[in-house]
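Presented below is the structure to which this report refers.
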Amino acid sequence: MKIVNWLLLISFGALLIYASLGLPNRGDGDAVMHREKSPAGSWGASSYYIRNAYRDAETLNMVTVILADYRGYDTLGEETVILTAGLICYLVLRKRRTNRDDKKPLKAGADAQT
Amino acid sequence: MYWEIEALLFVFLIITALISLYIKDLLAAVVTLSAFSFISALIYTVMGAIDVGFTEAVVGAGVTGIFFVVLIFQTSRRSGD
Amino acid sequence: MLHNSPALVPLLLLSTAISIPVLAIKKAKVAYPLAMAASLLSVVISCYNVFRVWGNGPLTYHFGGWFPPIGIEYVLDPLSSFIAVVVNVVAFFVLWHSSGIQGREIPGKSVPYYALTLLFLCGANGIIVTGDLFNLYVFLEIFSLSMYGLIGIGEKQAPVAAFRYLIMGTIGASFYLLGLGFLYIVTGSLNMADVRNILPLVYGNPAVAAALSFMVIGMGIKMAIFPLHGWLPDAYTYAPSTSSALIAPIGTKVAAYVIIRVLFFVFGVKFVSQSLPITDLIAWLAAIGILYGSVLAMAQKELKRMLAYSSIAQIGYIGLGIGLANPLGYIGAVLHILNHAFMKGTLFLVAANLRKRFGHSDISRFDASYRKKLPWSMAAFTLAALSMIGLPPTAGFFSKWYLALGAIDKGNWVFLAVILISSLLNAVYFFRILEKVYLAPPPAPAAGENLSPDGEKRKGSLIGEEEYSLMMPVVILSFSLLLIGLWNANIVKEVIQRIIPLGM
Amino acid sequence: MTSPEIYSSTIPLYAVLVSLIAAPLIMLSSRHAILREFWTLAASIIKFSLVFMLLPGALAGRIAAFTFWEISPGISLALKADQFGVFFALIASGLWILTSIYSIGYVRGLKERKQTRYFASFAVCLSATIGVAFAANLLTFVFFYEILTIATYPLVIHKETKIAISAGRKYLVYTLTAGALLIAATAWTYRIAGTLDFRAGGLFGDASFSPAAITALFLLFIGGVGVKAAVMPLHSWLPAAMVAPTPVSALLHAVAVVKSGVFGVVRVVGFVFGPALMHQFGLNIFLATVAGVTIILASLLAFQQDNLKQRLAYSTVGHLSYIVLGAALLSPASLTGGLLHIANHATMKITLFFCAGAIYVRHHKEKISELDGIGRVMPWTMGAFTVGAVGLAGIPPISGFVSKWQLGLGSLQAGEALPLAILVLSGLLNAGYFAPIIYRAFLKTPPVPYEHGEASYAMVIPLLITALLSLLLGLNPDLFFHFYRLAAAVSGSILGGIVP
Amino acid sequence: MTDFIFGHYVYWSIIALLIIGLYGMIFKNNLAKKLIGMTIFQVSIIMFYVASAVKWSATVPVLDPVTGVVDAAKYISPLQHCLMLTAIVVGVATSGVAFSLAIVIYRHYKTLDESVLMERMKSS
Amino acid sequence: MRKHKYNPIILMVSRVVSPFIMIFGLYVIFHGHYSPGGGFQGGTLLAAALLLIRLAAGFDIAQIQFKRILGTPLGSIGVLIYFGTGFLAMISGGEFLNYGFLPFAGFTEAGLRALGILMVEIGVGLAVMAILVAIYDDLLEGYPHD
């Protein structure tokens, strides 16, 4: 089992290294993702944001504009995620009034036998 | 962009990551993990992602650290590995 | 308002979920009606969406008024609208059923439970209709987190199962995110349609292959395709019955849908089946998984655990259909998503009924008295079991039929044999239960029981069971298996054939 | 070559539905035995009349067809009452009436439990059988075939004893495997031919095959339908299933289930592959070999059985292969003979089973060695038994002779002598294993005097009718139902594409 | 070649971090250690995105109101930053859920060690 | 924890520092338009301030500041503010979250969008604060606090 896990880990690393060879040099302003137009001719999202963030929302911080406006729905989802986490903690951790079997090892033992 | 700082920070980052995984005292591991988060926040900032760095500093070094400590107080401090 | 209909279902579920903790702060009783109302409305709206899509072709919806690739887009094509209906309908029945059983299994926590359930559904719907790869990740997290929660509140072992699932699931989601990172770096876009257009220009890049692998592995973990299924049996077994009845039909199917979406609608059929033959890999793994799941299901002593292993096998069918990468296999996979949702929903609901009535679902303790006490549930179980085996005219037959046709089209006899053998294995483990439920004499038969069987047994057997809310969803779900089977040609022609991916 | 006139009619649909509707009615009236039996009888009579209404049309070459809807793109769920279908449906539904009467006597005589389930499953079985008979394409055929499998299961395990349950398991293993093979074969056929509609003379048209592929496909098909037809390596479920109540054995294992199997074989040979393909790839030789071996071996095995029903079961295995042999020889007379044997064997074997059941109900005797002198207290029953046994051995003037004659003629037509030899030999063997029973029944004196006489009228009358029927059909095969004309027409359409 | 290495060494360091994190998640027995590994894994994915956003000779994505936008190349791509803000929150939420589950596990089984846990699960 | 008292120095320092962190958190939320920061960071800072008091002064005293039962509902309200902003835009005729359609007079479209972003950030801040505190409280559930 351990060996399989090691192999998985190694292949994971190898795949990553292999993939990284295809990436453009870091910081290269001409990389596909930084271009004004994508190879297929659609808008390059990133440069669109840089150009139009202030014009669209009168806000200097582009990240805020993207976060709350351009991709606001993602942020709503993100809030929902954290709300979900809160609900789960409530659900999982709050003690139930009726269920106290962790204080009654005898009963748990009886359950285990059946 | 100062790539020398970046490289140095990366070395620290990897070291803290390894320490926090290998140290047996969980509380120490968590403290190291906070340091890890903080260093990564610095790297984000160096890379120009101030927002992300800010968040990581607040969350990773702050809130997650506190949660981890609570976890350890609720459970046990020793770890087998 | 109506032009907003593509977005309405997730938003409705989301808003109900987040208002339940506020509205129900004083009266916990309102949580259930609210959840039911939201679920019912979501069924209605998603049906409406399907008809709109049939009438007008694919619908898109742009959040914030930003067109892609700038903003986030929702896309309702025949496939996504169809899957959304399936998910919502099954969820509605499970929620209906949960009223009778939730109070017993998770006492005093109906508010967060129903809120979480709705969030789960919201996540599922969001994943299904989204046209944006990162938005998919966000909703995937909502979906998975609520799934961890729903599993974790079960029996004593449930938190362990949920924790393991959390670790696996996080790896899966992170892999998806990592793959998406590579994909974004080489394409510069997050919108599915946009990426689809850009990708052919950069196919040679190793990063694309890696992105594909990571996304598929990540989703494969969520889908529990064969070697990545480790979390599933424990999670389904130890989760509360209502949760497992919700998660088993929906959880893995949504991930399967994402794989279909990513493979065929983002990367393109030709790339995934020829340039980088990942579909072959999926098909072979799925075939192994089918056999593995079926064999292990035969060895299980506990009903829910058996159903969990059978889920692995059934997911294998979907994987096989995807992996065949031809139209018939695709039809089989999508149809099996529908069928399996209904079948597993029925079976897990019956398991829940058993647990409610008898306090256990241990196969070795089943006997004929169970059928007398739960006649309708057992009838539903029988029907669903026949469908799982794949006997005509139930729904299960037809997905296997299309898969078999697809396997023949591909000329792969091994897959055909796997499909056939696995239905026999299914028959073995389901008839084992049916035999017990219908034939095994109760351990200590009452003296007069056998002498006047007809009079005793029939008394009130039309109602027979304790509560309508526990019986009706099961009966309706199982009966619809017959209807789906008989009218599957319409589903295939009207829905699935409309959106067979280009190049298949 | 005139193509048959096809007209749309709902009669085939109703014929299938009648007993399907009767099943819930039977279940609802579970507390009233009389009402339950009334439904059964009413359904059987209505079903028979409906099928009978189709007979004139079929004789005149007019085929009633009914199409439900598309069940899968390009394939409809469709019923078509062609001559072959009407032929089989007539036998099945006609014998259902007699079996129903007999069953009522049987279950009352034994005070069986769960009669509701029994009659309801019976009704569903008959629906499925008629569905199999009228199926217009392979998928519909598979549909009803599988329903038949499932509906028979409760009948096989009816006694709910350990043996019954294990027999049920065996039955399921065999038939479900067969179903899976049949589904695979169907799917493959659909991908090759693009259609699944049965067509006399083969549905493949001019598709080209490699020998390996077509052999594999044929094997899949034979594996699929051969299990129910109890071809030799696949037969062992049939003797095991004899634990079922006798009427079940009688109807299902002499009429409905096994005959669906051989019906399927003929459908596959004549309407899916067609004579041309069979000859071209030598598939008929293979099938004939299997059938011949089965005939001989089954007859030999029948000698060993002391249990009456087991002996009858092995005899069934052998006789089913007569039909398969007839289909495999693919000459006009052999086909006609094979088809006729479906009808003749049904009437004769059902007589024998009825007799076995009557003996069991009245005297609780199952073993042949216990039957000494029983003919003296049950003269009518054993008389009928003698008629059936003599017929199966192929001695005129009982109907078995007619079909054997035709089969023999057919083997000569096909230019083969070996099948004829097999037929003669098996006739002798048949006589050999039936003779001791008759001898014991009539000529030996009982060690202990029997306490009872004949069984109830509800049991004796049906078996006398079937015995009489065997006799009459032997004298004139065209009597009442025109079995001969139908069989000849079917064989003509398969071989020449000519529909009279 | 130097350019290539210079342009990729950050990715490679991140890959090292990813492997460390995944190692922690797979190999560590203690549940808390697994969670530490998970945190490392998530942070390194975030770092991967942020690293890919870099442009040399560009500045942080907060607009200088004086100059305005003349050239998109003047600012670091903000999209990845925004995505990663979301990812961080998701990570915190996941950790929160994981902590709560770990605490419940400890309540039931009095251990966080996975191998011990498995034994106790089987015996109970 | 009933046995040992809380360290008075730590309590003192926390009581002094906590309001400043809160103010900083509010600043971060409202100033997210112009400088790095925003709802999430600000909310986390607010939560940190609350957690500081909880850590230093103990659970019961901290209840005066922020009741434990408020956690989940307040978080829900935070998300509802976000949702409501989007929904308001939707029923005013635009798409969901299309702030340009917000029904407030006297703004340009870009101004409306800036306003919408602000509203959203407030909701985010509230939600994050409340839920992080709630998670902390839940994690401490069952711990023998005084």
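A note on names: the letters A, B, ... follow the listed sequences, proteins ahead of strands, and every chain is numbered from 1.
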Check whether A/Ile66 gets within reach of chain C through its side chain, its backbone, both or neither, counting any heavy atom under 4.5 Å. neither
Between [options], which has the largest tally of heavy atom pairs under 4.5 Å with chain A?
options                               : result
C/Leu14, C/Ile70, C/Ile142            : C/Ile70
C/Leu150, C/Asp194, C/Val111          : C/Asp194
C/Pro159, C/Pro69, C/Ala158, C/Ala209 : C/Pro69
C/Pro206, C/Ala17, C/Gly65, C/Pro68   : C/Pro206
C/Val202, C/Ile18, C/Asp132           : C/Asp132
C/Ile185, C/Leu201, C/Asn205          : C/Ile185

So which atom in [X] and which in [Y] form the shortest heavy-atom distance, rounded to 0.1 Å?
X       : Y        : answer
A/Val81 : C/Glu141 : CG2-CB, 4.1 Å
A/Val92 : C/Gly149 : CG2-O, 4.5 Å
A/Ala19 : C/Ala207 : O-CB, 3.8 Å

Quick one: what part of [X] sits under 4.5 Å from any heavy atom of chain A, side chain, backbone, both or neither?
X        : result
C/Phe175 : side chain
C/Leu190 : side chain
C/Asn197 : both
C/Phe214 : side chain
C/Ser146 : both
C/Phe139 : side chain
C/Thr130 : neither

Once rounded to the nearest 0.5 Å, what's the spacing between atom [atom1] of [X] and atom [atom2] of [Y]?
X       : Y        : atom1 : atom2 : result
C/Phe63 : A/Leu76  : CZ    : CG    : 8.5 Å
A/Leu91 : C/Tyr113 : CG    : OH    : 9.0 Å
A/Leu87 : C/Leu119 : CG    : CG    : 6.5 Å

Is it the case that over 12 heavy atoms from other parts of the model lie below 6.0 angstrom from the CH2 atom of A/Trp43? no
Looking at A/Leu7, I'd like to know if its CG atom is crowded, meaning that more than 12 non-hydrogen atoms belonging to other residues, nucleotides or ligands lie closer than 6.0 Å. yes
Mind ranking [options] by heavy-atom pairs under 4.5 Å with chain C and telling me who comes out on top?
options                   : answer
A/Gly86, A/Ala40, A/Ser20 : A/Ala40
A/Leu83, A/Thr84, A/Asp74 : A/Asp74
A/Gly22, A/Ala45, A/Ala31 : A/Gly22

Within the structure provided, determine whether [X] and [Y] are in side-chain contact (heavy-atom separation under 4.5 Å).
X        : Y       : value
C/Val186 : A/Val32 : no
A/Ser42  : C/Phe67 : no
C/Ile217 : A/Phe12 : no

Could you check, using the six-membered ring where one of them is a Trp, whether A/Tyr73 and C/Phe134 have ring centers closer than 6.0 angstrom? no
